[in-house]
Novice: 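Sharing a structure with you now.
The first residue of the sequence shown is numbered 1, and numbering continues consecutively from there. Quantities reported herein were computed from a predicted structural model and do not represent experimental measurements.
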Amino acid sequence: MGKMQLSAVCAILLLGCGSVTESGGTSTTGSSTSGGAEGEQLYVGMGEYDPGRDWHAIMRFDGSEDLDSSGGTAYAPDAHIPVWDLSASDGTTLNFAHGLYLNESTDDMYVASIFTSTTPLTMGSPMSDAGSVGVISKMSQADGGQTLARHIFGSQTTLKQPHALWVDESRDILYVANTFGKTILAFEPGSSADGDIAPARTVSHEKLGNPVFVFVDEGTDRLFVASMATAVPGMMPSMRSAINIYNNASSADGNREPDIQIAGNNTRLDAGNNQTTHNVWYDASTQLLLAGHHTNELLIYDLSAIDLSPASPTEHDLTPRVLEVHEDGGGSDIGNWSVYGFFHLPENDRLFVSCGHAQMGPTPGAPPNAIKIYDGLLGGSGSGLVTPTRVIHWTDGDRYLPPQPLWVRN
C-alpha cells in the first residue's frame, strides 16, 4: 500500500483494523484443483499496512486455470506461508510481503518485505528504516514456515520499506523499489546477493519521487517505475503520481532524471482518494502499459505513438483506457476498491487482478476481496465495467487480507 500522507493512511487503517475479526467470515469451504507445475500456479500475497497484525501470508493455488468462484465456492490454497514464519538464519522474520518475483528457472521467490526489523514494530513505532528482501528456495513446493535461503538486510543495504522488486534474469540484476528511500536499488549479481550488503547502483532524482513498483523489459533494457509523491520543481504542492521510464537501465546510476515520465491530469494517476501509483506492467508485443493506482481502476496506456528512446527527457500526459474492476454505475465507489496487484500472461493474453475492498480500512472476507481474471483484454478494446472471465475467492479470508502482489507460473 502507498503512503503519500503516512499519518492519514495509518489513521484510516487503524479504524479498519477495529472492524476485522477472526471469526464470522463469509467464505465457504472448498479445495483447489491440484495441477502442480503442469498447470497455472497462482501466488497471492496477502496483507496490509500494519506491522503488528498477523494478516500477512503468501498463498499458492495449483491448477488455478480450473478455479472459478462465480458459483460461490471459496477455494482452500494448496500452500500457505505465514509471512511472520519466514525467518533468516539469525532468527529475523519478514513482515508484510508487499512485492513478489519468482525466478521460474531456479524456483526462487524474491520477497520485498516492508516491515522487517530486529525489534517488534507497531503502528506507533518509527518504521522508516525497516524492510528487507528475502529469498525462498523451492517455492513451488514450499508450505508453512520457511527458513530463507538468502536475506538482504541491514544498514548497508539502505533499504527503507521496499514495496516491490524485479529481477533482470539475463543480466542477473535485482532491482528494488526502495519506497521510503526514494531510490531504485540495483543488487548485482542478484542471484547471490545476501546479507548486509551495499547495492551496486542507486538511482535517485527529484522527479522519481517514492517508487512503489518496478518492472523490467529485458529485451530493451528498459525499467518502468510506478511512483507516488513525485516532486515537481516549482509546483505546489510539489508532488504528483507518475510512471517513470529509464532506458539503459543496467547502467543507470546516481542522480538521473527519468527518460520518460507519464504524469498529468489526463493520466488519472491522481484520481481517487489515495493518490498512490501502485503497480506498473508493460507488454512489449502490444506496446501497452498497465497501471494500478489504489482505486477501482486499471489504467491501460498505448505507448506506440510516443518515442521511447528520446534524445532528452520527455513528459507525456496520456489518456488511458480504463477498466473498472468494481463499479456501482456512478463512480461513487472509486475509493472503496483497490487494484492492489496484477499479472499478465502474454502467451494467452490473460490478466489476473487483485481486487481489495476497503471502507475506512480493509474489509475481511473473500468475497468481497477477489482475484479477477480477464482473457483477451489487451488484445481487445474492452473498457469500463468489463465482466471477468473468472473470479477466485479463498478460505481463511477473515485472517489473511486483502490480496496484494500476484505471480502466475503458467
Novice: For residues Arg399 and Met46, determine if any side-chain heavy atom of one lies less than 4.5 Å from a side-chain heavy atom of the other.
Specialist: no
Novice: Any side-chain heavy atom of Asp259 within less than 4.5 Å of one from Thr314?
Specialist: no
Novice: A side-chain contact here means heavy atoms from C-beta on lying under 4.5 Å apart; do Thr267 and Asp317 qualify?
Specialist: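 Yes, at least one pair of side-chain atoms sits under 4.5 Å.
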Novice: Determine, stepwise, if the pair Arg256 / Glu206 fulfils salt bridge (charged side-chain N to carboxylate O under 4.0 Å, His left out).
Specialist: CA-CA 9 Å; Arg256 177 175 158 182; Glu206 59 184 359; over 6 Å; no
Novice: Considering the options Asn178, Asn210, Thr179, Asn279, which one meets the side-chain hydrogen bond (donor to acceptor under 3.5 Å, both in side chains) requirement together with His163?
Specialist: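 Going through the options one by one, the only one that passes is Thr179.
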Novice: What do you reckon, are the aromatic ring centroids of Trp281 and Phe215 less than 6.0 Å apart?
Specialist: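 Yes, ring centres under 6.0 Å apart.
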Novice: Would you indicate whether the side-chain heavy atoms of Thr220 and Asn247 approach each other to under 4.5 Å?
Specialist: no
Novice: Side-chain contact test, heavy atoms from C-beta onward, threshold under 4.5 Å: evaluate it for Leu100 versus Met109 and give yes or no.
Specialist: yes
Novice: Tell me, with the steps shown, if Glu297 and Ile334 meet side-chain contact (heavy atoms from CB on, under 4.5 Å).
Specialist: CA-CA 8 Å; Glu297 298 178 345; Ile334 187 172; 3.9 Å; yes
Novice: Could you list the residues that satisfy ring-ring contact (aromatic ring centres under 6.0 Å, His included) with Tyr282, not counting sequence neighbours?
Specialist: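 Residues passing ring-ring contact (aromatic ring centres under 6.0 Å, His included) with Tyr282: Phe224.
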Novice: If you take the centroid of each ring, where Trp contributes its six-membered ring, are His294 and His278 closer together than 6.0 Å?
Specialist: yes
Novice: Should Thr183 and Ser204 count as side-chain neighbours, where that means a heavy-atom distance under 4.5 Å?
Specialist: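 Counting from C-beta outward, Thr183 and Ser204 do come under 4.5 Å.
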Novice: Got Val111 and Ile136 here, is their nearest side-chain heavy-atom distance under 4.5 Å?
Specialist: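 Val111 reaches Ile136 side chain to side chain.
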Novice: Of the options Thr295, Leu298, Leu299, which is the one that meets Val322 in a side chain to side chain contact (heavy atoms under 4.5 Å, CB included)?
Specialist: Leu299
Novice: Please check if atom CG in Asp302 has more than 12 non-hydrogen atoms from other residues, nucleotides or ligands closer than 6.0 Å.
Specialist: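 Atom CG in Asp302 is crowded, with more than 12 foreign heavy atoms closer than 6.0 Å.
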Novice: Going by atom type alone, with no hydrogens or angles, which donor-acceptor pairs under 3.5 Å involve a side-chain atom of residues 375-388 and a protein atom two or more places apart or on another chain?
Specialist:
residue, atom, partner, partner atom, Å
Asp375, OD1, Arg350, NE, 2.7
Asp375, OD2, Thr389, OG1, 3.3

Novice: Taking the six-membered ring for Trp and the full ring for Phe, Tyr or His, determine whether the centres of His316 and Tyr301 are under 6.0 Å apart.
Specialist: no
Novice: To the closest 0.5 Å, what do you measure between CZ (Arg390) and NZ (Lys372)?
Specialist: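 Taking CZ in Arg390 and NZ in Lys372, the distance rounds to 14.0 Å.
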Novice: Would the Tyr175 and Trp166 ring centres measure less than 6.0 Å apart?
Specialist: no
Novice: Show the numbers, then the answer: is there a side chain to side chain donor-acceptor pair (under 3.5 Å) between Ser354 and Gln404?
Specialist: CA-CA 6 Å; Ser354 292; Gln404 296 232 21; over 6 Å; no
Novice: Among Pro403, Ser64, Pro77, which residue meets the side chain to side chain contact (heavy atoms under 4.5 Å, CB included) test with Val44?
Specialist: Pro403
Novice: Side chain to side chain donor-acceptor pair (under 3.5 Å), that's the test. Do His151 and Ser132 meet it? Break it down for me.
Specialist: CA-CA 7 Å; His151 191 213; Ser132 70; 2.8 Å; yes
Novice: List the atom of Ala226, the atom of Val280, and the distance in Å for their closest heavy-atom pair.
Specialist: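 Smallest interatomic distance, heavy atoms only, reads N-CG1, 3.7 Å.
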Novice: So, are Asp107 and Arg409 salt-bridged, with charged N and O less than 4.0 Å apart?
Specialist: yes
Novice: Which atoms form the tightest heavy-atom contact between Thr158 and Pro199, and what is the distance?
Specialist: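 In this case the closest contact between Thr158 and Pro199 is OG1-CG, 4.3 Å.
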Novice: Testing the basics here: between Val133 and Leu159, what is the closest heavy-atom pair and its distance to 0.1 Å?
Specialist: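 Looking at all heavy atoms of both residues, the closest pair is N-CD1, 4.1 Å.
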Novice: Taking the six-membered ring where the residue is Trp, are the ring centres of Tyr374 and Phe352 under 6.0 Å apart?
Specialist: no
Novice: Regarding Asp270 and Arg268, does a basic nitrogen lie under 4.0 Å from an acidic carboxylate oxygen?
Specialist: no
Novice: Do Asp168 and Leu174 touch side chain to side chain, with heavy atoms closer than 4.5 Å?
Specialist: no
Novice: Considering non-hydrogen atoms only, spot the tightest contact between Pro211 and Val225 and give its length.
Specialist: CB-CG1, 3.6 Å
Novice: Which is it for Glu188 and Arg201 under the salt bridge (charged side-chain N to carboxylate O under 4.0 Å, His left out) test, yes or no, and what are the steps along the way?
Specialist: CA-CA 8 Å; Glu188 304 176 56; Arg201 292 177 287 115; 2.8 Å; yes
